[in-house]
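Because the structure is a prediction, the values reported are computed rather than measured.
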Amino acid sequence: MRERTLPSPEEAFAQAACGLMLTDVAGNILRTNQTLAAWLGFTDAEMTAGMRLQDLLSVGGRLFHQTHCAPLLQLQGSVSEVQVDLVRKDRSRVPALLNIARRRSGDGLVDQVAVFIANDRRAYERELLRARSAAETALAAQTGAEARLRQANEQLSLADRRKDEFLATLAHELRNPLAPMRSGVDLLKMQLPDHAPQRRIVDMFDRQLRQMSHLVDDLMEVSRISQGKLVLRTEPVCLAAIIQGAVGDMQAQIAAAGHTLSVTLPAQPLTAQGDPTRLTQMLVNLLTNACKYTPAGGRIALDMRDEGGAAVISISDSGIGIPREALESVFEMFSQLEPALQRAHGGLGIGLALVKGLVELHGGTIGAASEGPGQGSTFTVRLPLVQQAAATPHAQTAPRAGAPLRVLLVDDNRDAAQMLQAMLDLSGYPTAVAFCGEDATACLREHEAQACIMDIGLPDINGYELARRIRAMPLARQPVLIALTGWGQPADIDAALAAGFDHHLAKPVEFATLQHLLAGVAPG
């Protein structure tokens, strides 16, 4: 049997089934293979004698490279399946797909470019498979391939960690400016009677702030679910109470759209083992979806029934409907029924992906049904039931009595601190403000407070260290410590509790939520 001779790496590069080139970060061509040169009608010498990748693109392609490809390469180090027209030496054009990966070479960076002629999609796929086979054969023949593969995996892990850090930082930076706006709107609502002419404008700001806060929260939740990091805090819950709470949260938005909402609940209570917060979030997202995609004056119906040991919750609307071919894909991350520039309703395309993840974490299923565009849609959730006797109502917090509760507010964001202080003062809580950790400890020594509401990101010491210092102070009575911060990931909550905080709240917080916590603190 004749021994087979494998091509060398140089031969594999030169004769690969796709066009290959190396460029510097400015696009100057450093090296190209015979395949690409033959496709375009140039010689290797011509392409490496001062020619740039941009010179091979049409005018539109050059603009797209400058505005999209170059920023993406700088940000994430790669772009895939970029469709452009390449200009041959005879000035004719050929459609092509580009894959570009930025790699470190010596002390600098180079861009590795793979080019696929796209006259025929099937031909392109065959060429792609051949190029992959040739590349894998070349890699197998080189020493150190496993080390490079490990390095690539480490780079991917690092990129994934950086993505998580970016999302957490993004949520923090978005939540911080939302906090004073949230407090300002709540303050105006406390001071304006319901019939005041300005109340309509304040209610509009309130709805928009809630929507923005929900978008930030949804983005973080989907990221956690996809990474398996979302932890449910389950208990037996009455599903009717969850539905009533979600409907209450949506009343203002539904009324503003002029919709009619009907709710049908069974006579007997249905109990599920679940996380009340996540179940409410799931229903609010489904109701928001129905409200958003139903024309003004439409109908929304929420129905719950017991069916074979499962709670079946259906939310129907008379809205724009869903094409049959899109019924499954609507639950995919970033799925949209219309191109971004044509959408009148906005949204990130993550709401239904989040709902599906939450339903499945509770051991349930969700499905979508629609007769087609303009025929409305129905989303049906099935959740397993548990023995109803296990459900117990939450105890109501007793109202405060006696001397007023003294509060210390610690936040270096002066707008947020002053707005929240005004609301606390107006609600009968004498409130002192400190803008850094050192001022906070000095204030506590002189005027002890029963509750401290503290930011984590402070200019001198962080909130965790401040909490530890307060717990070590010889105070007559330790205050209740409440973290109010833009950092809201599970690790941030665990770190706050470990440092000595009693509660953790993410900005922007509804004042009613904060007031509920303060109502449970015994005044001095």
Side-chain angles (χ1 to χ4, degrees), residues 6-36 47-48 52-54 56 64-65 68-84 96-118 124-170 219 222-229 332-334 489 491:
L6 297 177
S8 68
E10 283 296 325
E11 291 172 335
F13 178 87
Q15 302 171 7
C18 64
L20 298 174
M21 74 172 77
L22 296 178
T23 74
D24 61 19
V25 295
N28 295 306
I29 299 174
L30 306 176
R31 187 181 178 192
T32 186
N33 71 343
Q34 296 174 9
T35 304
L36 181 60
M47 296 187 70
T48 55
R52 299 189 308 156
L53 168 61
Q54 295 90 318
L56 299 175
F64 185 81
H65 181 276
H68 291 74
C69 296
L72 281 175
L73 283 170
Q74 185 175 1
L75 178 65
Q76 65 186 27
S78 66
V79 292
S80 299
E81 297 190 356
V82 178
Q83 188 163 354
V84 296
L97 294 173
L98 302 185
N99 285 353
I100 307 176
R102 183 158 290 175
R103 296 287 185 265
R104 182 164 296 280
S105 177
D107 295 333
L109 297 172
V110 296
D111 288 345
Q112 300 173 348
V113 184
V115 182
F116 304 92
I117 299 301
Y124 153 70
E125 291 174 351
R126 290 194 298 269
E127 295 295 327
L128 177 63
L129 289 174
R130 291 172 187 166
R132 177 179 176 181
S133 176
E136 289 175 349
T137 301
L139 286 173
Q142 297 177 19
T143 60
E146 292 183 358
R148 284 192 295 276
L149 182 60
R150 285 195 300 271
Q151 182 182 9
N153 287 333
E154 290 171 0
Q155 291 173 346
L156 288 173
S157 298
L158 177 60
D160 189 56
R161 289 196 300 272
R162 286 177 175 171
K163 179 212 51 173
D164 292 342
E165 293 168 0
F166 170 77
L167 286 176
T169 303
L170 175 64
L219 187 59
V222 169
S223 177
R224 292 172 193 158
I225 290 175
S226 65
Q227 298 166 36
K229 294 180 180 179
E332 296 175 2
M333 186 67 164
F334 304 122
Q489 292 187 297

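How far CG of L73 is from CG of L109: 10.5 Å, rounded to the nearest 0.5 Å. Distance check: R102 CZ to Q74 CD gives 7.0 Å after rounding to the nearest 0.5 Å. Between atom OG of residue S78 and atom CD1 of residue I100 there is a gap of 9.5 Å, rounded to the nearest 0.5 Å. A distance of 9.0 Å separates CG in D111 from CG in L30, rounded to the nearest 0.5 Å. Here the CE-CZ distance, from M47 to R52, works out to 13.5 Å after rounding to the nearest 0.5 Å. Here the straight-line distance linking atom CG of L98 with atom NE2 of H65 works out to 8.5 Å at 0.5 Å rounding.
Of the listed residues (L36, T48, D24), just one forms a side-chain contact (heavy atoms from CB on, under 4.5 Å) with I29, and that residue is T48.
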| message | Could you go through C18 and L20, starting from their C-alpha distance and side-chain angles, then the distance that decides it, and tell me whether this counts as side chain to side chain contact (heavy atoms under 4.5 Å, CB included)? | response | CA-CA 6 Å; C18 64; L20 298 174; 3.6 Å; yes
| task | Please step through side chain to side chain contact (heavy atoms under 4.5 Å, CB included) for the pair T23 and Q54, ending with a clear verdict. | result | CA-CA 11 Å; T23 74; Q54 295 90 318; over 6 Å; no
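Of the possible polar contacts, one joining the T35 side chain to the A16 backbone as a donor-acceptor pair under 3.5 Å is found. Judged by distance alone, with hydrogens and angles left aside, the side-chain atoms of S105 form no donor-acceptor pair with the main-chain N or O of G108 at under 3.5 Å. Of the possible donor and acceptor atoms, none in the side chain of Q15 sits under 3.5 Å from a partner among the backbone N and O of N33.
The minimum heavy-atom distance linking A96 with V115 is given by the pair CB-CG1, 4.1 Å.
Taking 4.5 Å as the limit, every side-chain heavy atom of F116 sits out of range of all side-chain heavy atoms of E81. When side chains are defined from C-beta on, N99 does not count as touching L97, because their heavy atoms never get closer than 4.5 Å.
The 12-atom threshold is exceeded at CD of Q76, counting heavy atoms of other residues, nucleotides or ligands nearer than 6.0 Å.
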